[in-house]
Engineer: 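Sharing a structure with you now.
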Amino acid sequence: MADKKQVEAITSMEEDFAQWYTDVVKKAELIDYSSVKGCIVLRPYAYALWERIQHYMDTRFKETGHENVYMPLLIPESLLQKEKDHVNGFAPEVAWVTHGGTEQLAERLCVRPTSETLFCEHYAHVVQSWRDLPKLYNQWCSVLRWEKTTRPFLRHREFLWQEGHTAHAEAQEAVDEALMILDIYAELAEDVLAMPVIKGRKTESEKFAGAQDTYSIECMMHDGKALQAGTTHYFGDGFAKAFDITYTAKDNSLRHVFQSSWGVSTRIIGGIIMTHGDDSGLVLPPRIAPTQVVIVPVASHKPGVLEKAAEVEKNLKAAGIRVRLDSSDQSPGWKFAEYEMKGVPLRLELGPRDIEAGRCVLAKRTGGKEEASLEGLELRVPEALSEIQRAMYDKARKNLDSQISVALTLEEMVTIAQKRGGFIKTMWCGGAECEERVKDLTGGMKSRNIPFEQERLGETCAVCGKPADTMLYWGFQY
RNA sequence: CCGGGUGUGGCGCAGCUGGUAGCGCGCGUGCUUUGGGAGCAUGAGGCCGCAGGUUCAAAUCCUGUCACUCGGACCA
């Protein structure tokens, strides 16, 4: 029976969430493992998702004046060493190239874990005058970090991302840049991926190595764990001083630039899976789905069926819909299950009975079947897709809201952390010791961010009881 | 990095008191099927993760190693 095979194919979320995730990632043909730990093959379906994410972001970046560049893969050790906090943050997880052919290199080269240092070196070369600013660069590339524990999408050693790096004359411009990009990231997550986010600033102890301020968008997964889906950083002039990036201002004084950097990686695909997926597999938001509509012909050997299906495909394609006709000789039931597994938002069933009646069956991946007239289908389908998109966001939003708890005391925090996880919001005094203490007592819960949307939950820090005027989100994270 | 589990055709597994590999699914071909993972027939495919060792003989026993996976620690 269909149900039985489904259950065998994918572990239920309730039974074992981690196993469910691994099953979905494999069965939906997103990835394959390679022979190097943490270096993962992105199969066509996963890469198509990434391309759509890329396309959205790249368009937004270019609209806002950014240019794409490409920096080298290798960083000499001496260059990496220039900014102290930065090197301390990354040193434990960089991989080194020590030989060229059979010869040992005079200086070893690190495979970029991120490219701040390369951008800084380059900016020092090309920035001379206030007329050269701002520099608004982005690059699409992969980076390498020698992680101990790896999981598909969520934690790779090599992963794809974009990293933006900008240099500005004024501090405020660099801050504005970091905040504007954070908005773009939030719009990607909410409008395109149907993943509601919490925007905010990272605490001192959680910010990026070398940054003055780090901002993040935080998402909530089905299992109550948070996922940081994107971050942006304001660097002040710290890197500029370490790398000697100076320009001559209008008044002929020599000044350091102010910088920002920001990135989103393929990790966000893991977020899509864990935000929307269910026990039948992936569920993809229509705006990002590589295939939005799959046409499943029924009794396709009967005359006229495939022809009609091809005609419907052509019409929908002409209407700008990403549609695919599966005319393979698999049984309809097989196809139903297959495309559910792959999260295709809308299935269009078309058989002899339908054709005779001038209609088809539309089945939403999110639930619900309807009969639709073939006449005007190119209007009904986009409508159905936006209904799905909206429903997915609403559902995710509801999940996020239901996972937020308020705690006024440390005892409450610990209880909630152990009982249900999710986000906990509390007042916080600003002390790193309080973060440490929460982490110890809860077995790893950390601050997520200080949300831009602040509320006054009380007058004192939930952890230490000292006066507090900041509200902070906490949570377990991926 | 610490602890548990697992590595045998593409996938899932059996075989582990040693004797040279088997099942289900999938795959190829043919016919019949087609509204929730179709049926019959026939065929192809594996030096058992890798490296040592014990033995007349190793998928099986021993040692090492690598990978995957779960949990923990760590983590822009």
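Side chains included, hydrogens not; waters and symmetry mates left out as well; all remaining heavy atoms used. Source: prediction; values computed, not measured. Each chain gets a letter, A, B and so on, in the order the sequences are listed, and its residues count up from 1.
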Engineer: Hey, does the side chain of Lys335(A) come within less than 4.0 Å of G37(B)'s phosphate (OP1/OP2), counting only N and O?
Structural biologist: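 False: Lys335(A) side-chain N/O out of range (4.0 Å or more) of G37(B) OP1/OP2.
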
Engineer: Nearest to the side chain of Lys446(A) - U69(B), C75(B), A73(B)?
Structural biologist: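 So the nucleotide nearest the side chain must be C75(B).
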
Engineer: Does Glu147(A) come within less than 4.0 Å of Lys37(A), counting only side-chain N to carboxylate O?
Structural biologist: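 No salt bridge links Glu147(A) with Lys37(A).
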
Engineer: Please name all residues satisfying ring pair (Phe, Tyr, Trp, His ring centres under 6.0 Å) with Phe423(A), sequence neighbours left out, ordered by chain then number.
Structural biologist: Tyr473(A)

Engineer: Considering only A38(B), G72(B), C75(B), which nucleotide approaches the side chain of Thr149(A) most closely?
Structural biologist: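 Selected nucleotide: G72(B).
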
Engineer: Not counting sequence neighbours, which residues clear ring pair (Phe, Tyr, Trp, His ring centres under 6.0 Å) with Tyr137(A)? List them please.
Structural biologist: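 Ring pair (Phe, Tyr, Trp, His ring centres under 6.0 Å) list for Tyr137(A), sorted by chain: Tyr123(A).
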
Engineer: For Gln330(A), enumerate each residue passing the side chain to side chain donor-acceptor pair (under 3.5 Å) test, keeping only those at least two apart in sequence or located in another chain.
Structural biologist: none

Engineer: Tabulate below the donor-acceptor pairs under 3.5 Å that side-chain atoms of residues 351-360 of chain A make, not counting sequence neighbours, or state none.
Structural biologist:
from, atom 1, to, atom 2, distance (Å)
Asp354(A), OD1, Arg359(A), NH1, 2.5
Asp354(A), OD2, Gly351(A), N, 2.9

Engineer: With rounding to the closest Å, how many angstrom separate the P atoms on G49(B) and U60(B)?
Structural biologist: 8 Å

Engineer: Report the stems of RNA chain B as range-with-range entries sorted by first number; a stem here is at least three consecutive pairs, Watson-Crick or G-U wobble, both distances under 3.5 Å, and write none if there are none.
Structural biologist: B:1-7 with B:66-72, B:10-13 with B:22-25, B:27-32 with B:38-43, B:49-53 with B:61-65

Engineer: Identify which nucleotide among G35(B), C1(B), C68(B) has an atom closest to any side-chain atom of Lys37(A), counting heavy atoms from C-beta outward.
Structural biologist: C68(B)

Engineer: Check the angle between the aromatic planes of Phe243(A) and Phe239(A) and answer parallel, tilted or perpendicular using the 30° and 60° thresholds.
Structural biologist: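 Answer is parallel, since the angle falls under 30°.
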
Engineer: Taking RNA chain B as the partner, which of residues 86-97 of chain A come within under 4.0 angstrom of it by heavy atom?
Structural biologist: Phe90(A), Glu93(A)

Engineer: Does the separation of the ring centres of Phe336(A) and Trp334(A) fall below 6.0 angstrom?
Structural biologist: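 No, ring centres 6.0 Å or more apart.
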
